[in-house]
Amino acid sequence: MIICNINEFLTKIISSKKILMCLDIGKIKTGVAFSDPSKKFSLASKVIYAKKNDLIIQIMRILEMYEISGLIVGLPKNDDSSFNKKCQSIKDITKNLDFLLFDNKINLPIFFWDEGYSSIEAMDKVELIVKKSKNQKKIIDKFAAKVILQDFLNYINKKNGQI
């Protein structure tokens with residue numbers, strides 16, 4: 001279920017020892033990251049190469065492999081926090097995923113999080129790991145998902161007085 005209120009989302013996921021999953025959805029590549037069970041750290045996982053329907057099927061496979069308490073989806077808002085065409089595409093993909101989850105009787109809370117410049121921050125991190133090459137472009141999306149998720153985790157831990 002897509003949740004717009006962060007407090008409602010936190011109520012559903014905070015007491016669970018299950019991990020969070022984060023998606024950085026792009027046109028062709030989608031980065032995936034996971035939290036640790038204590039929801040303090042994010043870990044870059046993989047890059048999925050797929051478009052809309054194939055992407056949803058691959059996400060469902062990942063959800064079957066892990067015990068996920070909630071899903072964070074990065075939204076690339078404009079500088080003034082308004083939505084753009086890419087935001088609408090990501091929301092549409094997420095709604096389709098939500099319908100499939102509902103059809104399969106999977107009650108997974110989904111929350112959108114502003115991904116503000118996560119790819120730029122991820123590129124800085126990737127440059128430290130991989131020399132500038134084509135490999136950077138192959139892995140940048142999973143590090144962008146990691147950055148988005150870590151930003152969310154920092155926010156909730158600060159809100160709960162854990163930082």
Side-chain angles (χ1 to χ4, degrees), residues 2-3 6 9-10 12-14 16-77 84 86-87 89-94 96-98 100-101 106 108-160 162-163:
I2 297 174
I3 298 175
I6 192 163
F9 182 77
L10 292 177
K12 297 200 179 288
I13 61 112
I14 208 69
S16 172
K17 290 296 178 192
K18 295 178 182 178
I19 62 177
L20 292 174
M21 183 169 129
C22 180
L23 300 174
D24 179 33
I25 300 173
K27 284 184 180 180
I28 297 172
K29 298 182 291 181
T30 296
V32 179
F34 297 103
S35 74
D36 66 311
S38 67
K39 297 174 184 65
K40 300 250 189 268
F41 304 104
S42 63
L43 308 160
S45 178
K46 62 173 61 185
V47 176
I48 301 171
Y49 291 87
K51 292 188 179 178
K52 293 181 183 179
N53 290 336
D54 291 335
L55 173 63
I56 292 170
I57 291 167
Q58 289 191 41
I59 292 168
M60 289 295 290
R61 286 184 188 142
I62 294 169
L63 292 172
E64 289 171 2
M65 293 170 41
Y66 298 96
E67 289 191 47
I68 307 293
S69 64
L71 181 63
I72 304 295
V73 178
L75 268 186
K77 294 180 184 177
N84 54 42
K86 191 171 179 185
C87 287
S89 174
I90 291 168
K91 284 183 168 190
D92 291 344
I93 291 167
T94 305
N96 289 337
L97 174 62
D98 191 39
L100 187 58
L101 290 167
I106 299 170
L108 183 71
I110 302 170
F111 190 73
F112 293 107
W113 190 254
D114 185 4
E115 68 175 54
Y117 303 105
S118 61
S119 293
I120 294 168
E121 188 176 336
M123 184 63 83
D124 291 342
K125 292 177 191 290
V126 170
E127 284 178 357
L128 296 173
I129 298 168
V130 181
K131 290 184 179 179
K132 201 164 192 144
S133 67
K134 290 181 182 177
N135 290 335
Q136 268 186 355
K137 289 184 179 181
K138 290 181 181 178
I139 66 170
I140 189 72
D141 297 289
K142 70 181 179 182
F143 283 95
K146 177 191 183 317
V147 168
I148 295 164
L149 183 55
Q150 190 63 56
D151 184 49
F152 176 80
L153 295 173
N154 290 345
Y155 175 84
I156 66 169
N157 286 312
K158 185 175 182 181
K159 182 175 179 153
N160 291 332
Q162 296 177 12
I163 291 182

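- Side-chain contact between Lys142 and Val32 is absent, with no heavy-atom pair separated by less than 4.5 Å.
- Looking at residues two or more places apart in sequence or on another chain, you find a ring pair (Phe, Tyr, Trp, His ring centres under 6.0 Å) between Phe9 and Phe111, Phe152.
- Once rounded to the nearest 0.5 Å, the distance linking NZ of Lys39 with CG of Asn157 reads 10.0 Å.
- Between the side chain of Glu115 and the backbone N or O of Ala145 there is no donor-acceptor pair closer than 3.5 Å.
- With a 4.5 Å cut-off on side-chain heavy atoms, Ile59 and Ile48 count as touching.
- Every residue two or more places apart in sequence or in another chain that forms a side-chain contact (heavy atoms from CB on, under 4.5 Å) with Asn96 is listed here: Ile56, Phe99.
- Considering only heavy atoms from C-beta on, Ile110 comes within 4.5 Å of Thr94 through its side chain.
- Remark: of the listed residues Ile13, Leu20, Leu108, Leu108 is the sole one forming a side chain to side chain contact (heavy atoms under 4.5 Å, CB included) with Leu71.
- Considering all non-hydrogen atoms of both residues, Gly74 and Pro76 come closest at O-CD, 4.0 Å.
- For Asp54, the side-chain contact (heavy atoms from CB on, under 4.5 Å) partners are Ala50, not counting sequence neighbours.
- Applying the side-chain contact (heavy atoms from CB on, under 4.5 Å) test to Tyr66 and every residue at least two apart in sequence or in another chain returns Ile19, Phe34, Ile62, Ile68.
- Contact check for Phe112 versus Ile2: side-chain heavy atoms found under the 4.5 Å cut-off.
- A 4.5 Å side-chain heavy-atom check between Leu63 and Leu101 finds at least one atom pair inside the cut-off.
- Under the rule for a side-chain hydrogen bond (donor to acceptor under 3.5 Å, both in side chains), Thr30 has no partner lying at least two apart in sequence or in another chain.
- The number of heavy atoms from other shown groups lying within 6.0 Å of CD1 (Ile28) does not exceed 12.
- How far CD1 of Ile156 is from NZ of Lys40: 8.5 Å, rounded to the nearest 0.5 Å.
- The line from CD1 of Ile140 to NZ of Lys29 is 8.5 Å long, rounded to the nearest 0.5 Å.
- Judged by distance alone, the side chain of Ser42 and the main-chain N or O of Lys146 form a donor-acceptor pair under 3.5 Å.
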Item to complete: Verify side chain to side chain contact (heavy atoms under 4.5 Å, CB included) between Met21 and Leu149, making sure each step is shown before the conclusion.
Response: CA-CA 8 Å; Met21 183 169 129; Leu149 183 55; over 6 Å; no
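- A heavy-atom distance below 4.5 Å is found between the side chains of Leu153 and Ser35.
- Under the 3.5 Å distance criterion, the side-chain polar atoms of Asp36 are matched with a main-chain donor or acceptor of Phe41.
- Every side-chain contact (heavy atoms from CB on, under 4.5 Å) that Lys18 has, sequence neighbours left out, goes to Ser16, Glu67, Ser69.
- Remark: Asp98 pairs with no residue by the side-chain hydrogen bond (donor to acceptor under 3.5 Å, both in side chains) rule, at least two apart or across chains.
- Under the side-chain hydrogen bond (donor to acceptor under 3.5 Å, both in side chains) criterion, Asn84 pairs with Asn78, sequence neighbours left out.
- In this structure, CD1 in Ile72 is found 6.5 Å from SG in Cys22, a value given to the nearest 0.5 Å.
- To the nearest 0.5 Å, atom NZ of residue Lys91 and atom NZ of residue Lys86 are 15.0 Å apart.
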Practice prompt. Start with the C-alpha distance between Asp24 and Phe143, add both sets of side-chain angles, then the distance that settles side chain to side chain contact (heavy atoms under 4.5 Å, CB included), and finish with yes or no.
Written response: CA-CA 9 Å; Asp24 179 33; Phe143 283 95; over 6 Å; no
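- Note that CG of Leu23 and CG of Leu55 are 7.0 Å apart. Values are rounded to the nearest 0.5 Å.
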